[in-house]
Engineer: 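Pasting a structure below so you can have a look.
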Amino acid sequence: MGDLFTGLRPAAQIDADLAERLPAYTRNEAIVEASNCLYCFDAPCMVACPTSIDIPGFIKLIQTDDRLGSAQRILEQNILGSSCARVCAVEELCEQACVLAPHEGPIKIGRLQRYATDEVYRDPNGFARAGLVSGAPTGRSVAVVGGGPAGLASAAELRIAGHDVTIFDRQPELGGLAMYGIIPLREPSEVAQWEASQVIALGATAKVGCEVGVDVSGEELLEQFDAVFLANGAGRRVSSISLVGAEADGVEDALEFIEEIRVQRPSDVPVGRNVVIVGAGNTAMDAATIAARLGADVVTCVYRRTQGEMTGYPDEYEHCLKDGVRFRWLTQPVRVLTDDTGHVSGLECRVVVLGEPDIDGRPRPTVTDDVVVIDCDHVLLATGQLREPGLYERFGLDVEWDRPKMTGPFHTSDPRVFAGGDAVLSGKELSVVDAVAQGRDAARAIDAYLEDHA
Amino acid sequence: MADLSTDTAGIQSPNPFWIASGPPGNSLRQVRLAFEAGWGGVVWKTVGGPVIDTAMRYGGLDVYGRKLVGLNNIELISDRPIEVNFAEIAQAKEEFPDRAVVVSLMVETERQAWHEVVKRAEQTGCDGFELNFGCPHGMSERNMGAAVGQVPEYIEMITGWVKEVATIPVLVKLTPNITNIESGALAAKAGGADGVSAINTINSIVGLDLDTWETRPSVNGKGSHGGYAGPAVKPIALHMVSSIAHNPELAGLPISGIGGAHTWQDVAEFMLLGASTVQVCTAIMHHGFRLVGELETGLSNYLDSKGLASVRDLVGGSVERISSFGDLDLNWQVRAKVDPDSCIGCGKCIEVCRDNQVDCIDWENGTVNIGRVAKVDQHECIGCDLCSIVCPVTDCITMEEQPRVLQELNWNGLNAKVGVPGFSDETSGITWERFPAEVAPLVDSHGFHNPSTADTGEPEPV
Ligand SMILES: Cc1cc2nc3c(=O)[nH]c(=O)nc-3n(C[C@H](O)[C@H](O)[C@H](O)COP(=O)(O)OP(=O)(O)OC[C@H]3O[C@@H](n4cnc5c(N)ncnc54)[C@H](O)[C@@H]3O)c2cc1C
Ligand SMILES: Cc1cc2nc3c(=O)[nH]c(=O)nc-3n(C[C@H](O)[C@H](O)[C@H](O)COP(=O)(O)O)c2cc1C
Ligand code: SF4
Ligand code: SF4
Ligand code: SF4
């Protein structure tokens with residue numbers, strides 16, 4: 001007890017186990033899969049895609065061996081088509097809506113999208129080759145706060161419209177959670193980096209390592225730019241749960257843990273032998289998968305509700321089970337126990353029982369006095385991000401609870417300030433593809449605003 | 001199990017599945033494999049004068065990712081010495097006496113040459129001849145193959161020469177590269193042929209290499225037209241076989257059907273349209289000799305399910321169903337109907353009816369994205385069948401027969417009533433000026449012939 005460990009498994013083994021999970025389609029595999037698509041009329045897959053990619057169109061282009069044309073179709077709707085091909089919850093989006101889903105199974109839209117976009121991926125000139133080029137200069141300028149999917153999508157769209165764009169991000173690299181939050185099994189960080197590089201190639205300026213509200217003020221941005229787009233995400237730190245002793249050594253924010261995996265060689269990231277993850281959402285599942293593959297002996301997710309209420313996707317849950325992750329349902333952590341060095345040694349939890357249904361019809365969890373102690377040397381908190389409404393206040397915006405008060409699609413209480421992406425979304429819409437749709441459409445709203453306020 | 005044995009112009013075989021003259025029947029080694037697999041007969045690869053084949057002699061047509069829907073070739077007749085072929089043919093017949101061994105012949109257009117080759121070939125003990133008047137490439141430039149088959153007089157003349165010396169049945173293999181294949185069959189009959197084989201390959205260019213702009217296949221940068229075969233040609237072959245079977249002057253002329261046969265259903269179709277054996281080439285080039293096992297099982301089970309004792313009961317069974325357009329009942333109506341339980345909501349029917357027909361299909365449940373189903377407006381539907389053809393779900397759209405509103409009417413009958421005297425039935429003297437008087441009541445408000453829903457004016461009572 002005491003410290004966390006590296007080297008529990010050979011580094012090469014860890015690298016291999018954290019490499020992108022699904023292999024790329026070969027040309028032949030892609031054409032065969034594409035040939036099964038019915039080319040539906042008014043295609044439901046396309047309606048289900050938040051960015052409305054012309055799915056039957058791009059699949060027909062794969063089938064007829066025009067891979068670049070296929071990439072063009074995708075990127076014209078969704079500049080992060082490469083990321084989305086890898087990280088979208090297709091089983092809840094396009095592939096769920098595919099008319100073949102209940103029958104022979106859906107067309108593998110995500111993998112076909114990856115095949116198509118791989119045509120330009122890594123090409124320093126990729127976006128240009130796919131027909132994404134900057135428009136004639138308008139002389140107007142927009143500040144984009146946050147270089148995640150929403151910010152990048154807006155920046156690309158604004159450059160295509162000919163506006164000057166400066167992206168501010170407090171992180172050292174652009175990409176937001178697509179860069180720092182998504183595990184490499186799903187998307188290698190090079191994909192997010194390439195996409196960001198292409199937005200820069202479109203002529204956007206990036207100011208990284210620059211926190212708005214700290215390094216530059218809201219007023220300054222409003223003075224220097226004609227409009228501001230807030231795409232600052234849903235916050236960084238986990239929301240606090242009432243957990244006594246959470247400042248102990250070995251208790252960590254699960255997002256930070258994942259971020260370490262993204263910025264270092266994974267085998268250099270320390271992990272406990274006995275890891276407890278608090279939560280059963282997507283971040284929890286991702287952190288559990290990583291901990292298990294780094295070599296932790298036991299990984300346990302504790303969740304105060306049951307499997308039926310967990311927000312992680314069923315396939316992520318399956319992957320976790322295959323990695324040997326255990327789940328303790330109906331368990332509410334209350335206190336971190338430490339050893340004499342101050343390092344976490346266990347998590348004291350209370351048993352939860354399900355009571356009468358609440359107004360949504362879900363059984364209400366009630367914490368009992370029954371205590372369970374789970375021994376552990378590493379606790380990862382994955383209980384949702386903590387929003388940062390302070391930023392909105394610094395722009396003088398009306399705030400509703402912890403988000404900017406919206407006065408219309410993408411419009412905040414200040415007509416010069418727009419917001420979108422995770423910053424304004426919640427629930428299942430906290431996703432890369434929704435952020436891209438928001439960024440793109442917000443850019444159109446900003447463009448219209450600039451037109452009206454010449 | 002039904003009896004599969006057949007007789008084509010006196011050539012007996014234990015089943016109707018023959019190897020067509022081509023790459024699969026070019027040597028004893030192959031024919032052994034074929035007969036061991038169960039093929040009932042072989043038409044040996046055409047023998048004749050010396051030839052030299054090119055490398056790259058085939059071109060495949062893939063459709064929607066399906067391989068070899070069509071096959072183009074520029075291969076010539078057998079490139080093996082004629083005496084080697086004859087020795088192997090004799091050996092094959094000796095080893096498999098119950099199988100049909102037919103020798104395909106092609107020599108230059110000289111009476112003497114034909115006499116010699118026929119006499120020599122008969123010494124092999126083969127069961128019959130097939131005269132190759134069909135090869136559309138390579139040999140036709142040397143005034144053989146299709147160069148003969150496109151001129152009925154030559155067919156008759158050469159068939160006559162062969163019949164002067166042959167003591168075994170003679171089939172004439174016809175080329176489809178002719179305006180009316182019946183003229184070729186009539187000439188063969190006039191020359192004394194015991195039967196015909198149809199069809200040979202169709203002139204084709206299968207495609208280009210879009211990088212180099214060369215043809216496929218390309219022989220060191222150059223190409224030539226070839227002969228087209230495989231599943232894509234089956235409908236053309238079926239029509240040609242049926243037109244021979246249907247021609248009263250050719251009644252009873254035995255036919256060996258060829259062209260795109262691949263499944264037991266294809267074989268049954270050829271037989272129902274008049275063929276007594278069916279020859280297969282491209283399907284073996286795609287799947288090997290083994291395929292005959294599935295042909296045999298499938299066809300036997302089909303015959304059993306129909307209660308037929310012999311495969312011979314199929315031959316010609318559909319010929320009388322083929323009529324001419326002028327005899328078709330214009331007042332018989334069907335309407336498309338979607339089974340909402342099997343509809344998967346792909347919308348293909350909606351789009352094609354909108355873009356090609358009368359735009360009478362829509363979603364039954366409005367704007368629902370998942371779980372939507374199509375519904376046909378029965379009042380507007382003209383019963384064309386396009387939607388059911390494109391629907392990806394088998395039996396989801398059915399064409400439902402409608403109660404008769406107007407009594408049977410066909411073009412010939414209409415013409416007899418209102419046509420201009422002096423015109424024949426099918427050329428018709430019906431003009432738009434004369435049309436409305438008799439037929440306008442059958443036209444719906446959009447101008448479509450739609451007897452079920454039109455304001456029928458004074459309908460002729462049923
Ligand atoms: C662990 C994890 C796994 C996920 N997995 C998936 C997945 O598999 N599929 C999927 O679709 N989605 C996934 N998501 C969600 C997805 O990453 C987000 O919904 C998406 O990145 C939101 O994009 P965004 O641009 O709105 O915000 P973010 O990606 O959060 O970007 C916001 C950016 O703003 C910057 N920023 C914030 N405040 C400031 C400031 N004051 N000054 C300067 N910069 C600032 C941040 O540094 C950040 O770069 C996952 C999220 C997490 C946490
Ligand atoms: C249903 C149908 C109706 C057609 N009607 C006509 C016609 O009125 N006039 C004409 O010149 N060709 C007509 N054609 C022939 C087409 O113009 C075309 O030559 C033929 O279908 C081959 O092309 P395709 O393989 O693209 O269908 C018709 C074809 C189809 C399938
Ligand atoms: S719903 Fe499925 S089959 Fe239809 S177009 Fe979309 S991917 Fe193709
Ligand atoms: S049968 Fe023809 S007209 Fe009727 S619904 Fe189908 S496509 Fe339309
Ligand atoms: S084509 Fe068939 S499955 Fe598709 S919507 Fe129409 S009826 Fe339904």
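Throughout, a chain's letter reflects where its sequence line sits, starting with A, and its residues are numbered from 1. Scope of the values below: all heavy atoms of this structure, side chains included, with no hydrogens, waters or symmetry mates.
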Engineer: Considering non-hydrogen atoms only, spot the tightest contact between B:R372 and A:P44 and give its length.
Structural biologist: NH2-CD, 3.2 Å

Engineer: Atom CD in A:Q96, atom CG in B:N369: separation rounded to 0.5 Å?
Structural biologist: 10.0 Å

Engineer: For the atom pair OH (B:Y64) and CD1 (A:I31), what is the distance rounded to the nearest 0.5 Å?
Structural biologist: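 Answer rounded to 0.5 Å: 14.5 Å.
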
Engineer: Working to the nearest 0.5 angstrom, can you tell me the gap between B:I350 CD1 and A:C40 SG?
Structural biologist: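 Answer for the CD1-SG pair, B:I350 versus A:C40, is 10.5 Å.
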
Engineer: Rounded to the nearest 0.5 Å, how far apart are CD1 of B:I361 and CZ of A:F41?
Structural biologist: 10.5 Å

Engineer: Verify the neighbour count for atom CG of B:D395: are there more than 12 heavy atoms of other residues, nucleotides or ligands below 6.0 Å?
Structural biologist: no

Engineer: Are there over 12 heavy-atom neighbours, none belonging to B:H239, within less than 6.0 Å of that residue's NE2?
Structural biologist: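 Counting neighbours around NE2 of B:H239, 12 or fewer heavy atoms of other residues, nucleotides or ligands fall under 6.0 Å, so no.
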
Engineer: How about B:K375: does its NZ atom have over 12 heavy atoms from other parts shown lying under 6.0 Å from it?
Structural biologist: no

Engineer: Around atom NZ of B:K337, are there more than 12 heavy atoms from other residues, nucleotides or ligands closer than 6.0 Å?
Structural biologist: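 Atom NZ in B:K337 is not crowded, with 12 or fewer foreign heavy atoms closer than 6.0 Å.
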
Engineer: Quick check on B:R66 against chain A: is it the side chain, the backbone, both or neither that has a heavy atom closer than 4.5 Å?
Structural biologist: neither

Engineer: List the atom of B:I370, the atom of A:A97, and the distance in Å for their closest heavy-atom pair.
Structural biologist: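 Between these two residues, the closest heavy atoms are CD1-CA, 3.7 Å.
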
Engineer: Starting from the C-alpha separation in whole Å, work towards a yes-or-no answer on side-chain contact (heavy atoms from CB on, under 4.5 Å) for B:V393 and A:H103.
Structural biologist: CA-CA 10 Å; B:V393 183; A:H103 309 281; over 6 Å; no

Engineer: Could you look at A:A101 and say if it's the side chain, the backbone, both or neither that has a heavy atom under 4.5 Å from chain B?
Structural biologist: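 Neither part; nothing is under 4.5 Å.
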
